[in-house]
Amino acid sequence: MLNSVEKILDKLNDSQKQAVLYNDGPSLVIAGAGSGKTRVLTRKVAVLLKQGLAPWNIMALTFTNKAAREMKERIATMVDPASASLLWMGTFHSVFLRILRAEASALGYSSAFSIYDTADSKNLIKSIIRDLGLDEKIYREGAVHARISSAKNDLISATAYANNAALQERDLFTKMPRIAEIYQRYVQRCRLASAMDFDDLLYNTNVLFRDHPEILKAYQSRFQFILVDEYQDTNFSQHLIVSRLAERHHKVCVVGDDSQSIYSFRGANIDNILNFKKTYPECLMFKLEQNYRSTQTIVNLANSLIAKNKMQIPKSVFSKRETGNKIQVLSAFSDMEEAFMIANKINEMHMSLYDPWSEFAVLYRTNAQSRILEDALRKRSIPYRIYGGMSFYQRKEIKDIIAYLRLVINPSDEEAFKRVINFPARGIGKTTLDKIQQAANQHQTTFWEICANPLSYNLPVHSGTENKLRQFSSLIESLKPLALTLNVYEFTKKLVQDSGINQALLQDNSEEGISRQEHLESLLSGMHDFCQNRLEEGNEQLLLPDYLAEISLLTDQDEVDEGDKVNLMTVHAAKGLEFKNVFVSGLEDGIFPSIRNQESERELEEERRLLYVAITRAGDHCVLSYAKSRFRNGQTEYSKPSRFLNDLDKNLLDLPTRAFAEQELPSASGSTHRPASFYNPSANKPHWPTEQRTKTPTEKISSRQGKWTKLSAKPGGSTVGQDNAFKAEAGSSGVKTSKGEFRLGQRVLHERFGEGLIQKIEGQGDNCKIGVEFKQAGYKLLLLKFASMKALN
DNA sequence: GACGACGACCTTTTT
DNA sequence: GGTCGTCGTC
């Protein structure tokens, strides 16, 4: 334990060490692609803990759940897992949601407020556009939502928006002069519904800190060290929260790479990282320039590209790996030929390199490009998966049930109400809903209030309808108390029963109906796993609000599909990932760079960074391709190779001797289906509680809720095994329980986590806690009495 | 209220 | 080309 800080620093290079060790003031870590950024962040947290900072004094912010989870896991292997779990570590949204729930009353909110996801926000905006009688062709909810969202990210209130000449002029120019009014109403309706949208989680945190100095002060003293990952992607709202919180201690470490800033369209402001030194003049800058991921050729090629950007922090990323092959450029006549060339090339490389399919990725600029690539891969019988499809939680039947759950917790939730008022069909249609909405608008009250008291508001409905409304509201009322006593799994089982959802689903024996039943099954078993995981970890918060808190900010980005398949995704989705072999397709002017980002140098630079991100995903091989013609929006379009190809160092390119795709092969299996994607449950397989299941959505949810990742050999080169050397052994060496005897080093089999080795035993008898390093799921500290685990010989 | 036809739409999307 | 939303019909 004496030299534990040294152990933490083990295997770091000099600049990584310096970045990890400097904790006396603000610092900026410029982390080039593949330079071991996560290693630095996690080890820095470990050092801070070893130096005596309490975990609750440290805030670590990321952009994705996945990044947060991976960091937590790695930290847990270096320090006591219990203290790792007490860190304030998570996405911006989840960390500040936690604070907002605690401080809701200061903002005049109930702490049971709902969270509107993007779909909810757009629905509400659409409804407001209709209320105002505006032309829906001109005022498209997506566009309006984008304006409101970016205003919020810039901390412009609805009033400020209305008074801002530049914004007004812009809205006038785009023929939507009444956006300010929509914004105003949108804010009111969210308030009334006791709901916050994603942007509000940051906006309201700023309001909280601005209007309540005493609250701000408490958090300022609490968070003695703040770390921010991917700082180049922060928007103004996030930047200001961090600055405010760091005001007192000035101990803030931001990590990022300005060359990988690709989210400006979501409000990210690259100036936050470029100007960090201005905000904190005393800050130290550390540059991580050694790339451990890619061959020298790949690194040099990426450098030659990014050198064309003017706005950047100077850095020289280098690799000490082998030189590697030149980067091949494929030129195709058509998009279809391009797809076949890529499929053939993948096949060829798979055979000659012995790399698994999962080490191949095909990247593209827009999702629309994926279809043709899918076709080509399918015809070559190459297994593939697509990232960025619809998430489990975005499926209609799942959203509908979640809406019920939200409504029980917060009956004011308008979007949830509208979703479930006629699900399952109970004869309350559009007409009635319109009447309710009108009454709600007129009386400035919630849909729920009208529904619960139709007579008091003279709702013009027949007695039959009135009766149905009453039944619905008493259904919700009857469920309310149960939400606070039953665990979420039991509760939801009761809910689907009482509400008639179960019955409705069982009656529907169509293909979709059966799929819906399976999704419900998956949701339920996900809930069961949620409860089980928490119990085993000694966390007894199993109620509906606890569950909602965990899933409301989940997106599907962080799925884990361990099948050996080629990865298809947009360049944006590939950020943070790495593959041995990467194909970047569709390198044509108008696509990459996108036609819509060619106007200004600033936009063009972001597109260039996007290509930089794409190329730097590759470890061993990178292949670039373009097609001269492409079928788009229903017609064939012709375009020139991307201007970015000219930015690349020609000496590193293997330019095309034209290769023709082979003729189409007959379909091997006769199956014309997409391969079952990871969230499609295999039909009729029993779900929980069998021991060996095929992978189902359940697994997926539970894997997230249980915070474990299937260890792909991916991030950063560091392995859990390595880091494990740090773990302190403590406790007894054996324990007798009603489930048998367990001792250190014992092999165990867990119902969900699989096989593992006992590393630690704390306490006596059935109440003991057992620390297990699972082969797949990583380290877990489990309460034996709840753990479904048995000893193996 | 359910279902089929037709027309408009189409960059990226960590929460 | 494919999807989604709206409108018209039963």
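Note that these values count all heavy atoms, side chains included, but never hydrogens, waters or copies made by symmetry. Chain naming here is simple, since letters A, B, ... match the order of the sequence lines and numbering starts at 1 in each.
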Tell me the interatomic distance from Asp199(A), atom CG, to dT14(B), atom P, rounded to whole angstroms.
14 Å
What distance, rounded to whole Å, do you find between the two C1' atoms, one in dT6(C) and one in dT11(B)?
25 Å
Do Arg101(A) and Phe113(A) meet the cation-pi criteria used here (NZ or CZ under 6.0 Å from the six-membered ring centre, within 45° of the axis)?
yes
What's the closest nucleotide to the side chain of Glu607(A) if the choices are dT14(B), dC10(B), dT11(B)?
dT11(B)
Look at the side chain of Arg266(A) against the base of dT13(B) and say whether a donor-acceptor pair falls under 3.5 Å; ignore hydrogens and angles.
yes
Distance under 6.0 Å and angle within 45° of ring axis: Lys126(A) vs Tyr139(A)
no
Rounded to the Å, how far apart are Lys430(A) NZ and dA2(B) C1'?
16 Å
Using the six-membered base ring of dT13(B), report whether Phe265(A) stacks on it, requiring centroids under 5.5 Å and planes under 30° apart.
no
Starting the side chain at C-beta, find the nucleotide from dT11(B), dT14(B), dG2(C) nearest to Arg371(A).
dG2(C)
Sequence neighbours excluded, which residues qualify as salt bridge (Lys or Arg N to Asp or Glu O under 4.0 Å) partners of Glu415(A)?
Lys418(A)
Please determine, for the side chain of Arg365(A), which listed nucleotide (dT13(B), dT11(B), dG5(C)) has the closest atom?
dT11(B)
Do the rings of Phe63(A) and Phe92(A) sit parallel, tilted or perpendicular, given the 30° and 60° boundaries?
tilted
Can you tell me how far P of dT14(B) sits from CZ of Phe198(A), to the nearest Å?
10 Å
Nearest whole Å is fine: how far is dT13(B) P from Ile262(A) CD1?
9 Å
